[in-house]
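Both backbone and side-chain heavy atoms feed into the values below; hydrogens, waters and symmetry mates do not. Chain letters run A, B, ... following the sequence lines, proteins first and then strands; every chain starts at 1.
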Amino acid sequence: MSGQLAGKVIAITGAASGIGLACARGCLDAGARVVLVDYAEDKLHSLAAELGDNAIPLKVDLTDPQSVAGMLPAILARTGQLDAFHANAGAYIGGDFIDGDPDAFDRMLDLNVNAVFRTVHAVLPHMVERGTGDIVVTSSVAGHTAVVWEPIYTASKHAVQAFVHALRRQVAKHGIRVGAIAPGPVLTPLVANWPKENLDRAIAAGNLFDPKEIAEVLVFMLTRSRTVTIRDVVILPANFDI
Amino acid sequence: MTKRQELSGKVVLVTGASSGIGRAMAKALAAEGSKLALVGRSAERLGAVAGHIGNDAAAIAADLTKPGEVERVVAEASRRFGQIDILLPNAGLYIPGDVADGDPDAWDELLAINVSSVFRLARAVLPEMIERKSGHIIITSSVSGHQAIQWEPVYSASKHAIQSFVHGLRRQVAPHNIRVGAVAPGVVLNELWGYTDAAAIDAKVESREGLRSEDVADAVVYMLTRPANVTIRDLVILPQNQDI
């Protein structure tokens with residue numbers, strides 16, 4: 001898919017690992033300039049060295065409003081434009097709610113929900129002004145169905161789905177597309193927090209898949225005709241029983 | 001980046017193949033090298049699509065709401081091509097409007113094609129897919145299957161039935177390496193919605209209020225070509241400016 005995204009600038013949050021990194025690689029392969037937004041500065045810099053000149057590292061703390069306020073100006077200073085914003089960064093908490101830590105719930109919601117709102121709010125005026133742009137959010141199949149072993153996570157992704165569907169209708173008139181990718185379990189550092197017996201079972205059954213598949217979906221969504229919005233893609237390991 | 005499933009030589013049964021999304025899927029899959037069993041009510045219109053594709057297409061005219069017709073169609077397609085690798089239940093009717101003014105007999109006809117024929121088609125192809133431990137079913141659903149739409153409650157209900165079926169069936173057959181998914185478009189500018197004039201279609205695409213059938217066909221080809229260990233269960237594709 002080389003060249004499909006030539007001339008485009010895409011910013012991806014949580015780009016230093018997992019799905020975000022796979023998506024960054026996929027967009028770079030397709031010819032885009034990619035702003036890798038993450039908090040892990042060391043990792044960002046070693047990745048930038050590895051990925052070449054089209055990979056632009058940007059340290060942002062997505063849970064710090066001041067840090068987020070500096071994100072778009074920093075992107076534009078380096079690239080001059082932003083064609084697509086991929087709100088991808090997320091955290092995972094599974095397990096029995098009754099045993100959970102409410103402060104950890106808050107931290108997860110800050111990242112999975114509040115940071116999505118805040119970052120999208122920060123980049124939209126630029127897109128509205130240009131009359132074009134794409135917002136893609138990494139959701140989850142847990143945003144489409146209530147998943148019993150992760151009530152807080154599944155609630156956070158339902159929030160994201162509602163946001164995507166409603167925001168899309170608000171900004172469609174500006175030529176902006178909004179969509180969500182809703183994967184099942186992907187082999188990333190996030191699922192390392194799964195209950196161990198679930199993780200073992202999933203790996204044994206081939207129930208996890210490679211984050212490269214998510215990158216393919218992102219590139220597919222971004223390369224549709226501007227007359228077409230892919231609002232939702234639910235992508236699962238073929239044998240994942242959900 | 002990842003291993004694309006090749007569609008060359010695969011046998012695809014597509015219903016509603018004489019027009020709209022079905023015809024666009026047939027043409028797109030023919031371009032991928034698939035063999036096509038084309039099903040529709042009008043032998044004449046099907047023949048035109050089959051003629052366009054050539055030797056790798058068989059036109060099977062049938063009314064899928066009539067007893068035994070689904071089973072006959074699947075048997076004929078299997079006889080012609082040896083097996084069915086991919087099933088695309090796509091034929092559908094559309095009825096909008098107020099329930100208070102509606103025609104219950106027309107609803108029954110809609111449910112027979114949009115829902116029952118889909119169940120029957122899956123029932124007819126699955127035993128051999130299970131035996132081969134391989135197969136892919138993608139059903140043409142609608143955004144109306146993801147949310148209740150007030151100007152088309154009967155249609156919306158039929159597509160919600162499809163969504164439930166897709167999600168439930170997928171879990172039943174996944175252990176047999178069979179993938180099941182649904183494509184859910186918004187407004188598509190074709191005969192089902194009363195669009196036949198090319199200039200009118202172009203204008204609606206330009207204003208981003210409608211999809212071309214080909215946009216949906218491209219999405220289905222994308223879903224079918226994912227690596228075997230990945231299922232796209234749902235893909236919602238909308239005109240960029242459809243307010244829904």
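- Taking A:D241, A:I230, A:V141 one by one and counting their heavy-atom pairs under 4.5 Å with chain B, the maximum is reached by A:D241.
- Residues from residues 114-149 of chain B that place a non-hydrogen atom less than 4.5 Å from a non-hydrogen atom of chain A comprise B:V143, B:H146, B:Q147, given in numerical order.
- When the heavy atoms of residues 161-177 of chain B are compared with those of chain A, the residues falling under 4.5 Å are B:R170, B:R171, B:A174, B:P175, listed by number.
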Side chain to side chain contact (heavy atoms under 4.5 Å, CB included) between B:I201 and B:T196, worked out: CA-CA 8 Å; B:I201 291 174; B:T196 50; over 6 Å; no
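- Both the backbone and the side chain of A:R226 come within contact range of chain B, judged by heavy atoms closer than 4.5 Å.
- Taken from CZ in A:F85 to CG in A:D134, the straight-line distance is 12.5 Å, to the nearest 0.5 Å.
- In this structure B:N190 satisfies the side chain to side chain contact (heavy atoms under 4.5 Å, CB included) test together with B:I21, B:V188, B:L192, B:W193, B:S213, sequence neighbours excluded.
- For the set A:M221, A:Q170, A:R168, A:R177, the count of heavy-atom pairs under 4.5 angstrom toward chain B peaks at A:R168.
- From B:L29, atom CG reaches atom CG of B:L88 across 6.5 Å, with rounding to the nearest 0.5 Å.
- A salt bridge is defined here as a Lys NZ or Arg NE, NH1 or NH2 lying under 4.0 Å from an Asp or Glu carboxylate O, and A:R130 with A:D83 meets this definition.
- Between the side chains of A:H86 and A:T138, at least one donor-acceptor pair of N or O atoms lies under 3.5 Å.
- Summarising the geometry, atom CG belonging to B:D202 is positioned 8.5 Å from atom CD belonging to B:E206; distances are rounded to the nearest 0.5 Å.
- Counting heavy-atom pairs closer than 4.5 Å to chain A, the top residue among B:V180, B:I178, B:T231 is B:T231.
- Contact detail for B:G16 and B:A91: the closest heavy-atom pair is N-CB, 3.6 Å.
- Taking 4.5 Å as the heavy-atom cut-off, the residues of residues 232-244 of chain B that approach chain A are B:I232, B:R233, B:D234, B:L235, B:V236, B:I237, B:L238, B:P239, B:Q240, B:N241, B:Q242, B:D243, B:I244, ordered by number.
- To the nearest 0.5 angstrom, B:S156 atom OG is 13.5 Å from B:I95 atom CD1.
- Note that the CZ atom of A:R224 and the CG atom of B:L211 stand 12.0 Å from one another [nearest 0.5 Å].
- We find that A:K212 and A:D29 are not joined by a salt bridge, their nearest charged nitrogen and carboxylate oxygen being 4.0 Å or further apart.
- By the 4.0 Å N-to-carboxylate-O rule, B:E214 lies too far from B:R23 to be salt-bridged with it.
- Salt bridge status for B:E32 with B:K10: absent, with no side-chain N to carboxylate O gap under 4.0 Å.
- Of all heavy-atom pairs between A:Y153 and A:I93, the closest is CB-O, 3.6 Å.
- With a threshold of 4.5 angstrom between heavy atoms, B:A219 approaches chain A through its backbone and through its side chain.
- For the atom pair CG of A:D232 and OG of A:S139, the computed distance is 7.5 Å after rounding to the nearest 0.5 Å.
- Both the backbone and the side chain of A:V217 come within less than 4.5 Å of a heavy atom in chain B.
- Chain B forms the most heavy-atom pairs under 4.5 Å with one residue out of A:G175, A:P183, A:A166, A:S225, and that residue is A:G175.
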Side chain to side chain contact (heavy atoms under 4.5 Å, CB included) assessment of A:V219 paired with A:Q4: CA-CA 8 Å; A:V219 173; A:Q4 284 188 83; 4.1 Å; yes
